[in-house]
Amino acid sequence: MGLEQWALDLAGSPWVYLAMYLFAAIDGFFPPIPSESVVIALAALAVGPGGEPSLWLLVPVAAAGAFTGTRSPTRSARA
């Protein structure tokens, strides 16, 4: 099983939302993680023939991860 097949299998599983959340959160304080690219790729899969993952869940999960990632460095700097 190659990397492409692994990514497609992940996109079709419920774990994709956790992965998206983590990518977006880490991108908030470690910019080399390309969460924007992951969101675009998953959104393209969502509107494709398979319809997985759900775009209605993907967008809020990505937004919550980005919010968490943006707030984490600020909160740790105040402590």
Side-chain angles (χ1 to χ4, degrees):
M1 175 163 87
L3 182 61
E4 181 181 355
Q5 187 60 43
W6 175 81
L8 290 173
D9 290 343
L10 177 64
S13 78
W15 289 101
V16 72
Y17 303 108
L18 176 63
M20 183 64 253
Y21 179 84
L22 292 174
F23 264 87
I26 293 170
D27 185 31
F29 58 89
F30 189 67
I33 301 294
S35 67
E36 295 86 0
S37 302
V38 175
V39 171
I40 292 169
L42 289 175
L45 288 173
V47 298
E52 290 291 332
S54 169
L55 190 59
W56 297 107
L57 289 174
L58 183 66
V59 171
V61 166
F67 180 76
T68 302
T70 302
R71 297 291 297 162
S72 295
T74 305
R75 298 189 123 229
S76 64
R78 289 184 188 171

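All values derive from a computational prediction rather than experimental measurement.
- The one candidate from Asp9, Val38, Leu42 that meets the side chain to side chain contact (heavy atoms under 4.5 Å, CB included) condition with Val16 is Leu42.
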Can you list, pair by pair, the side-chain donor-acceptor contacts under 3.5 Å of residues 43-67, counting residues two or more places apart and other chains?
{"unit_1": "Ser54", "atom_1": "OG", "unit_2": "Trp56", "atom_2": "N", "d": "3.3"}

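- With contacts defined as side-chain heavy-atom distances shorter than 4.5 Å, the pair Ile40/Ser37 does not qualify.
- Remark: Tyr17 OH is packed, more than 12 non-hydrogen atoms of other residues, nucleotides or ligands lying under 6.0 Å away.
- For the atom pair Leu10 CG and Leu18 CG, the distance stands at 9.5 Å (nearest 0.5 Å).
- The 12-atom threshold is not exceeded at CD of Glu4, counting heavy atoms of other residues, nucleotides or ligands nearer than 6.0 Å.
- Rounded to the nearest 0.5 Å, atoms OH (Tyr21) and OG1 (Thr68) are 3.0 Å apart.
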